[in-house]
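Presented below is the structure to which this report refers.
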Amino acid sequence: EESPRFKIIPMMKYFLLMTLLFSIKASAQEKLYDSVLAKKLGADKNGMKGYILVLLKTGPNKTTNQQFIDSCFAGHMQNMGVMVKADKLVVAGPLGKNDKTYRGILILKLTSIEEAEKLLQTDPAIHSGLLAPELYKWYGSAALAAYLPFAEKISKN
């Protein structure tokens, strides 16, 4: 009959192996942490930071004047470029057709709803009422803004 001691040894080996693997993984993660980059990006201890999430909906202005609409949306695109250059806009993009009249999203590198509302009034499509913004405080990765230089490099237009 086998002694209970011999059954414990495989468990001890497993436990020691798992402990070693976890310590190696923890050590590797510590080496990956870049405090300079974290500070530059405004990251907290979790690598996160606050933003303003903007959901753009169809606004109350129901004009059918195509020249006016085209002009406002051309200004909308130009304004997003201005916000990127001012280091205020992190992400922007349209949404697919949906039954909630949502048109697109923006993620702003701001933490104040009031400051975001003021900034958004510089957008002709919002200012004219063609688009209506819904603003929310959002907590996301501080590295989000680091993708913008890559986005510019992969766009042909």
Side-chain angles (χ1 to χ4, degrees), residues 13-62 68-157:
K13 285 182 183 177
Y14 175 77
F15 176 74
L16 289 172
L17 179 62
M18 293 308 290
T19 303
L20 179 63
L21 288 174
F22 282 123
S23 66
I24 290 170
K25 184 176 179 183
S27 175
Q29 287 176 340
E30 286 176 26
K31 291 179 184 173
L32 291 177
Y33 177 72
D34 184 335
S35 62
V36 173
L37 182 59
K39 184 175 181 177
K40 177 183 173 188
L41 295 174
D44 64 14
K45 66 181 181 178
N46 298 314
M48 309 279 277
K49 68 184 281 179
Y51 298 94
I52 300 296
L53 169 67
V54 181
L55 294 174
L56 294 173
K57 296 172 46 171
T58 299
N61 186 343
K62 304 298 183 206
F68 176 75
I69 293 169
D70 291 346
S71 172
C72 286
F73 279 99
H76 170 70
M77 298 304 288
Q78 288 174 339
N79 192 60
M80 286 190 293
V82 169
M83 290 191 292
V84 167
K85 286 182 182 155
D87 201 28
K88 303 288 185 194
L89 179 63
V90 180
V91 172
L95 295 173
K97 289 193 182 225
N98 59 79
D99 60 355
K100 299 193 185 287
T101 71
Y102 289 123
R103 304 281 299 274
I105 67 162
L106 305 172
I107 297 178
L108 302 175
K109 197 188 298 185
L110 303 171
T111 55
S112 158
I113 295 283
E114 294 77 21
E115 186 180 3
E117 287 172 335
K118 184 177 177 183
L119 178 65
L120 292 174
Q121 283 306 307
T122 64
D123 186 307
I126 293 172
H127 186 73
S128 69
L130 292 174
L131 294 175
E134 286 184 7
L135 288 77
Y136 302 93
K137 288 189 173 199
W138 183 66
Y139 185 62
S141 172
L144 191 58
Y147 103 93
L148 279 174
F150 294 104
E152 292 173 1
K153 290 178 182 179
I154 62 171
S155 174
K156 289 185 179 181
N157 296 332

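On a predicted model such as this, the values are computed, not experimentally measured, just so you know.
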Problem set entry | salt bridge (Lys or Arg N to Asp or Glu O under 4.0 Å) partners of Lys137, counting only residues at least two apart | none

For this session: Only counting residues at least two apart or in another chain, list the ones meeting salt bridge (Lys or Arg N to Asp or Glu O under 4.0 Å) with Lys109.
Result: Asp87

How would you list, by chain and number, every residue that makes a side-chain contact (heavy atoms from CB on, under 4.5 Å) with [X], sequence neighbours excluded?
X      : value
Leu95  : Asn98, Tyr102, Ile105
Ala38  : Tyr33, Ala43
Ser112 : Glu114, Glu115
Tyr139 : Asp44, Asn46, Met48

Could you tell me which non-hydrogen atom of [X] sits nearest to which non-hydrogen atom of [Y], and how far apart they are?
X      : Y      : result
Tyr147 : Val90  : CE2-O, 3.2 Å
Lys49  : Gly42  : CB-O, 3.6 Å
Phe68  : Ser128 : CZ-CB, 3.6 Å
Ile69  : Leu130 : CA-CD1, 4.0 Å

Problem set entry | Partner residues of Asp99 under the side chain to side chain donor-acceptor pair (under 3.5 Å) criterion, sequence neighbours left out | none

For this session: Quick one: list whatever passes side chain to side chain donor-acceptor pair (under 3.5 Å) with Tyr136, sequence neighbours left out.
Result: Glu134

In residues 116-124, what donor-acceptor pairs under 3.5 Å come from side-chain atoms, sequence neighbours left out?
| from | atom 1 | to | atom 2 | distance (Å) |
| --- | --- | --- | --- | --- |
| Gln121 | OE1 | His127 | ND1 | 3.1 |
| Thr122 | OG1 | Asn79 | OD1 | 3.2 |
| Thr122 | OG1 | Asn79 | ND2 | 3.4 |
| Thr122 | OG1 | Leu119 | O | 2.6 |
| Asp123 | OD1 | His76 | ND1 | 3.2 |
| Asp123 | OD1 | Ala125 | N | 2.8 |
| Asp123 | OD1 | Ile126 | N | 3.4 |
| Asp123 | OD2 | His76 | ND1 | 2.5 |

Seminar exercise, completed: Residue pairs meeting salt bridge (Lys or Arg N to Asp or Glu O under 4.0 Å), one or both in residues 77-86, sequence neighbours left out, come to none

Exercise. Could you give all pairs that pass the salt bridge (Lys or Arg N to Asp or Glu O under 4.0 Å) test and reach residues 73-82, with sequence neighbours left out?
Worked result: none

Problem set entry | Side-chain heavy-atom pair Val91, Leu106 within 4.5 angstrom cut-off | no

Problem set entry | Atom pair OG1 (Thr111) and CD1 (Ile52), whose distance is rounded to the nearest 0.5 Å | 6.5 Å

Exercise. To the nearest 0.5 Å, how far apart are CG in Leu135 and CD1 in Ile113?
Worked result: 5.0 Å

